[in-house]
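Let me begin by presenting the structure, written as C-alpha cells, before commenting on it.
The chains referred to below are lettered A, B, ... by the order of the sequence lines, with proteins before strands, and numbering in each begins at 1. The figures that follow rest on heavy atoms only: side chains count, while hydrogens, waters and symmetry mates do not.
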Amino acid sequence: MRKIQMLLLVTALLMLLAVASAPALAQNAGVVNVYSARHYGAMEATFAKFTEETGIEVRLSQGTVQALLQRLEAEGTQTPADVFFSIDAGGLDLAAEKGLLQSVESAVLTEAIPEDLRDPDGYWFALSQRFRTLMVSTERVEVGAVTNYAGLADPQWKGRLCLRPATHIYTISLTASLIAEYGETDAEAIVAGWVANEPEYIDSDSRILETIAAGGCDVALTNSYYLGRILSEQPDFPVALVWANQGEAESGVHRNISGMGVTAAALNRDNAIQLIEWMATTGQAADETGIPGGNFEFPVNPTAEVNPVIAAWGEFTIDPLPLTEYGDQQEAAVALLERVGYGF
Amino acid sequence: MAPLTWRGTWSVLSRPRSNRRYTALILPVVIAALVAVPLLLLLGELLTPSVEVWEQLWATTLPRMIGNTLFLLVAVGLGTSTIGVSLAWLVTAYDFPLRRIFDRALLLPLAVPSFVMGFVFMATFDYAGPVQTAWREWFGRGAPFPDIRSGPGAALVLTLVLYPYVYLLARAAFREQGATTFEAARMMGCSRREAFFRLVLPMARPSIVAGATLAMMEAMTDFATVRFFSFPTLSEGVVRVWEGRMDRAAATELASLLLFFALALILLERLGRRGARYDQQGGRGRRPLRVTLTGVYRWGAVLACGIVLGLAFVLPVGQLIAWTLAEIDGHIPGTWELVYGQYILTTVGLAAGAAIITVILSLVLAQGARMAQGRASRVVVKLATLGYAMPGAVVAAGVLLSLSAIDRILGLGLILTGSLVGLLYAYVVRFMAVSYNSVESSLVKVKPSMEQAARIMGAGPLKILRRVHAPLVTQGLAAGAILVFVDVMKELPATMLLRPFGMDTLGIWSYMLASEAFYQAAALPALTILAAGLIPVLILMRVGGER
Amino acid sequence: MTPAISLHHIHKTFGSVQAVNDVSFSIEPGTLLVLLGASGCGKTTTLRLIAGLETPDSGEISINGVTVSSRERFVQPEDRRLGMVFQDYALFPHLTAAANIEFALNGAPVRERQARSQEMLALVGLESMGNRYPHQLSGGEQQRIALARALAASPGVVLLDEPFSNLDAALRKEMREEVRRILRQTGMTAVFVTHDQEEALSLGDQIAVMRGGKLQQIGAPQDVYLRPVNREVAAFLGEANFVQGIASGGQVECALGRLPLWVPRNGPVEVLVRPEQIKLEASTSQPANAPCIEHIRYFGHDQIVTLALPGGESLDCRTWARLDLKVGTPVKLDVHGPVIAYGK
C-alpha cells in the first residue's frame with residue numbers, strides 16, 4: 001500500500017516539475033521574449049508585421065508595470081525576458097535604476113529618437129508619446145472654462161468631474177509630474193481640490209469618455225489616445241480634448257511615453273535590439289501596423305507621420321520635465337494620493 | 001492509481017493489524033500538511049504583526065476595506081438567503097406555469113463567473129450604459145437612478161451569481177422534508193404559512209446556512225467585481241498592494257487579516273449548524289402536495305423567477321454573445337484567433353494539470369482515511385480540505401510564504417517562488433475539498449461486502465478492479481476532475497498573484513480587458529469560461545431536477 | 001349518541017385510480033377502529049381524508065358531530081382538532097422530544113405547556129427523555145414521542161398511519177400493547193391503519209376491511225375473523241380452507257361431514273374452515289378412504305398439517321406440535337363450531 005502510494009506521489013511531483021520547467025526554455029535563435037505592460041489588442045498587428053519582416057517570433061507576457069518590474073527583480077539573472085515594454089517612463093526609469101536593464105548603443109536609435117525621449121545612457125527608448133490632459137463635454141462646457149490641471153479644483157466642477165482611481169499608474173504619474181512642477185505642498189492643494197469636487201472614480205479611460213458623452217460628468221482627465229480611438233469611429237463624439245497648461249507662464253501638457261529597454265539578463269540580446277530599432281523606424285507608422293498609429297498615439301520619430309485623427313488637435317506645448325523625474329516622485333505621489341483621500 | 005485501489009481491496013479483506021491503521025495515515029498526513037502549512041504560516045504572520053505596516057494601513061485604507069468587506073459579507077449573506085430560499089420554496093411548494101423549467105434553470109447562474117457578471121452589469125447599468133441612457137431619455141436628464149458603482153451594486157451582482165448555492169441546498173432540504181413534516185404541523189393546528197416559518201425554515205436552517213456561507217466565502221474571495229464597482233475590500237486590497245505597490249510584506253499582512261475573516265466565517269457556519277441533527281429520518285416517499293397558484297400569484301411567481309433568471313443568466317449570456325459577434329466582425333483576421341488559441345491552450349493545460357494532481361491527491365487522501373478510520377483521520381481530512389473556505393488571495397500569500405521558505409532552505413534562489421509550482425500548489429490547496437468530496441463519495445459506494453462477494457464468485461484482483469472498482473469509482477474521479485477544472489478556469493485572485501508570466505489564463509485575459517473597459521474584446525474569453533462552467537451545472541440540473 | 005367519526009358515501013380518485021369508492025361507516029366515541037387491507041386498498045387515503053390532508057371528490061365526513069368535509073364545506077386540517085401519528089413519525093429533528101410535544105400545544109401558556117408535555121412523557125413512560133433530540137432516541141422511543149405528541153392537545157380523534165411498520169417484530173408486539181394501553185387509558189377515539197391482520201385483530205375494537213377502494217366489512221375482530229362476508233376477506237384475515245359442499249338451510253354437507261352454518265344457505269357452496277377449527281386424531285384402524293397426512297410444516301409452538309381428502313381436495317389443519325402425526329398417517333377429523341359458506 002505505502003510503496004504504491006509513494007510511487008504515485010513521486011510520479012505526481014515529477015509531472016508537476018516537468019510542467020513547471022517548460023517555460024524555462026527561453027533561449028531560441030528566432031525569438032524575442034517581451035514582458036509587456038502595454039495592453040492587449042492594440043499591438044498584435046505591429047508585432048505580426050515585425051515577425052513577417054525579420055522572421056523573429058515575439059513572445060509576449062503581459063501584466064501591469066508594477067507586476068512586471070517585481071517579476072524581473074525576482075527572477076534576476078534567470079529571467080526569460082529579453083525586452084521590458086513599459087507604458088510609463090517611471091517604470092522604465094525604476095527598472096534601469098534597479099539594474100534590471102542594460103545599456104544599448106545603437107546609431108539607428110540615436111538617430112531615430114530625440115534625446116529627450118530616450119535614456120541618456122541607452123537603458124531605454126521611448127516608442128510612442130501620449131498626453132494625459134483635459135477632456136470636456138462639447139455640449140455642457142464652454143470653450144476656455146478650464147485650461148489647466150489646477151483648474152479642475154475649481155468648485156464649479158463639483159459633482160461634474162470624472163477621474164481614474166489612485167491605483168492606476170496614469171494617476172500616479174500625473175501626480176508625480178505635479179509634484180515635480182509645483183512642489184509637494186502646492187501639488188497636494190491641487191489634488192485635494194479635485195477630491196473636494198467629489199469626483200466619480202471610473203477605472204477605465206474609455207468609460208470615462210463615454211460617461212461624459214452620456215452626461216454623467218462634464219470634465220475629466222484621460223490619456224489622449226482614448227479619445228483618438230473613439231473619434232476614429234465616431235467623428236461626432238461630443239467630447240473635446242483641451243491641451244492642458246498651455247498658458248504663457250505654464251509648462252505644457254503632461255507627457256508620458258511607452259518604451260522599451262533590453263533586460264540586463266537578455267538571452268536574445270541581438271533580437272531585442274533589432275526589435276527596438278524596428279519599432280523606432282518602420283514601427284512608427286501612423287496606421288495599425290505602427291506602435292503609435294495602432295493606438296492613436298504620437299510617434300517619437302520626428303520623421304514619422306502623425307495619424308490625421310489626432311493631428312487635428314493642433315499644435316501644443318509639451319511639459320519639458322525630463323521623463324526620468326517621474327520615477328523619482330512616484331513614491332511621494334502614492335503617499336500624497338493616500339493623504340488627500342483620493343479614491344480607489 | 002489503479003494498483004492503489006487494488007491494494008486497498010485486500011487490506012479491507014484482511015483484518016488490519018493495529019499499527020497498520022496509522023501507517024495508512026502517513027500519506028494523508030503529508031497531504032494535509034501540504035495544505036495546512038501555508039495557512040499556518042500566514043496565521044503566524046497574523047500573530048506577529050509588523051507594527052509599521054499596520055500603522056500605515058490603518059491610517060489610510062484599512063478601516064474602509066474592513067468596513068466594505070463586512071458590508072459585502074452581510075449583504076451577500078442576506079441577499080442570497082432571501083432569494084435562494086424564496087425561489088426554492090416557490091418551486092417546491094407551489095405550481096405555476098413553467099415551474100418545471102425554472103426548477104432547473106434557476107441553477108444556471110452558477111456558471112457565470114462573478115467578475116464577468118460584474119463587468120456586464122457595469123456596462124449595462126452604469127451612467128454611460130444603455131439602461132440609464134434609456135432611463136434619461138424617458139424621464140429627463142435629472143431622473144434619479146441608484147448609483148450602481150457602489151457597495152450595494154457590487155453586493156447585488158454577487159448575490160445574483162451566488163444565490164444558486166442557497167437555492168440548491170434549500171431546495172434539497174425542502175424536498176427531503178417531504179410531505180409528512182408539513183402535514184404533521186398542520187395536524188397540530190399550523191396554517192401553511194405558520195408551518196413554513198415554524199418548521200420548514202428552521203429545519204432547513206443548516207442547509208441554508210451552508211449555502212449562504214459558501215456564497216459569502218465566494219464573495220470574500222472576489223477582488224475583480226468589487227474593483228469594477230470601486231468598492232475596495234480586503235481581497236481587493238491584497239491584490240492591489242501586491243501588484244500596485246510591489247509591497248509583498250504589506251500584502252501578506254493584509255492576507256493574514258483576511259484569513260482571520262475566513263476562519264470567523266467557518267466558525268459562524270459551525271455555530272449555525274450546531275444543535276440537533278437535522279437530517280430527516282426515514283420520511284421519504286410521497287412528495288409534498290403542491291398548491292396550484294391562481295390569479296395574480298400565478299403570474300407573480302413566473303415574474304419573480306423570470307426576473308432573477310433574466311438578470312443573472314440571460315442578460316450576461318446575451319450581452320457576451322452580442323459583444324463577441326461584434327468583436328469578431330470588426331477584427332483583423334488572423335491575429336486574434338492565434339491569441340485566443342494560446343490562451344485556451346494555457347488555460348486548459350493549467351486546469352487539466354491542477355485537476356489531475358488534485359484528484360490523485362484526493363484519492364490517496366480518501367483511501368488512506370477510509371482505511372485508518374477514527375478521529376485522527378477525520379482531523380486530517382478536515383485540515384486537507386480547509387482551502388475551500390480560504391479566499392484565493394490568502395492561499396496565494398500562504399503558498400508564497402511556504403515556497404519562499406523552501407527556496408531559502410534549499411539555497412538555490414527563487415526556483416519555486418513564482419514558478420508554475422506555486423500556482424498549481426495554490427489550486428490544489430484551494431480546490432482539494434471540491435474533488436475530495438466527489439472522490440470520497442464514490443469510494444464509499446465500494447462496500448467491503450462487494451469486494452468479498454466478487455471474490456467468492458471467483459474474481460481475481462484484476463477482475464475486481466476492472467468490474468467492481470473502476471465502474472464505481474471512475475465516475476466520482478471524473479466528477480471531481482471536472483469540478484476542479486472549471487473552478488481553475490474561473491479562478492482569478494490566486495492566478496492573478498501567482499501566475500508565471502506568459503501563463504495568462506482566459507480569466508486573466510478577460511479581466512484585464514474588462515478593467516480597461518474593452519468589453520467587446522473581453523467577451524469571448526468570458527463566454528468560453530462560462531461555457532465550460534455550464535458543464536457541471538448541466539450535470540447538476542440533470543441529477544437534481546425532478547423526474 | 002353522536003358518532004365520533006362518520007363517513008358518508010366517500011369517493012376519491014387519483015387520476016384514473018379509484019382510491020376510495022363509496023365508503024361509508026361510523027364509529028362510536030372511544031372506539032379503536034382499525035382500517036385493514038393490502039397496500040393500495042385505499043385505507044391510508046381514507047385516513048388522510050379524515051385528517052383533511054386530502055379532499056374527497058364527493059361524500060361527507062363529520063367528526064364528533066361537526067361536518068368537516070362536504071360539498072359546501074371543507075375544514076382545514078389544522079382546524080379539525082385531530083392528532084396524528086405518521087408512518088415515519090414525522091418528529092421534528094431540530095426540536096427536543098419535549099419541544100416536539102409542546103409544538104402541538106401552540107397558544108397555551110408556557111408553564112401549562114411544559115406541565116402537559118411532562119404529563120404526556122409520563123404517559124408514554126419517557127419522563128427522563130424530554131431533553132433528547134429525535135436522533136438520540138430508539139425507534140420505539142420515537143414512536144412513543146410521536147404518540148404523545150399526537151395526544152398532547154387532547155384531540156377529538158387520533159389517527160395512526162401504520163405506525164409500527166418501521167419497528168422490528170419484537171418491538172412491534174411491545175408497542176402494540178403499549179399503544180392499546182395508552183389509548184384505553186385516555187379513552188380516545190382512534191383510527192389505526194395497518195396491513196397486518198394479526199395487529200389489526202389484536203388491537204382493534206372494530207375492524208374495517210378494505211379492498212380495491214371499497215369497504216368490505218366492518219365489525220368486531222371475532223366477527224370479521226369467523227364470519228367474513230366473502231372469500232377474499234376470509235383469505236386476507238388468516239389461513240383459510242375452502243371446501244366444496246352442498247348447503248341446505250342451517251347445514252352443509254361436505255368432505256368433512258355435515259356441519260352447522262352461521263348463516264343458512266341453499267345449493268352448492270364453498271365452506272370456510274379455519275385450520276385451528278379442525279381437531280385431528282391419529283387412527284390406525286381406519287377405512288382406506290380416510291384423509292391422509294400429505295405434508296407437515298413444523299413451527300415449534302404448533303404445526304400445520306396438510307391432509308389429502310378422499311375427494312381430491314387438500315386441507316390445512318393447525319395442531320399443537322405433537323409427534324404422533326407422520327406423513328402418510330391416516331387421520332380422523334372433527335370440526336369445531338359452526339362454519340360459514342359462500343355461494344359459488
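Judged by distance alone, the side chain of A/Tyr201 and the main-chain N or O of B/Ser230 form no donor-acceptor pair under 3.5 Å. Distance alone, capped at 3.5 Å, places no donor-acceptor pair between the A/Arg207 side chain and the B/Phe518 backbone.
Going from atom OG1 of A/Thr211 over to atom CZ of B/Arg149 covers 6.5 Å, rounded to the nearest 0.5 Å. In this structure, B/Ser515 OG and A/His168 NE2 are separated by 7.5 Å, a value rounded to the nearest 0.5 Å. The distance from atom CG of B/Asp126 to atom OG of A/Ser204, rounded to the nearest 0.5 Å, is 9.5 Å.
Looking at A/Tyr226, only its side chain comes within 4.5 Å of chain B, counting heavy atoms on both sides. With a 4.5 angstrom heavy-atom cutoff, A/Glu200 touches chain B only via side-chain atoms. The contact between A/Ile202 and chain B is made by backbone and side chain atoms together, counting heavy-atom distances below 4.5 Å. For B/Tyr519, the part lying near chain A is the side chain, with the backbone staying farther off; criterion is any non-hydrogen pair under 4.5 Å. Contacts between B/Met496 and chain A at a heavy-atom distance below 4.5 Å are absent for every atom of the residue. Of the two parts of B/Ala514, neither the backbone nor the side chain holds a non-hydrogen atom closer than 4.5 Å to a non-hydrogen atom of chain A.
The environment of CD in A/Gln234 is crowded: more than 12 heavy-atom neighbours from other residues, nucleotides or ligands sit within 6.0 Å.
When all heavy atoms of B/Ala128 and A/Ala214 are compared, the closest pair comes out as CA-CB, 3.7 Å.
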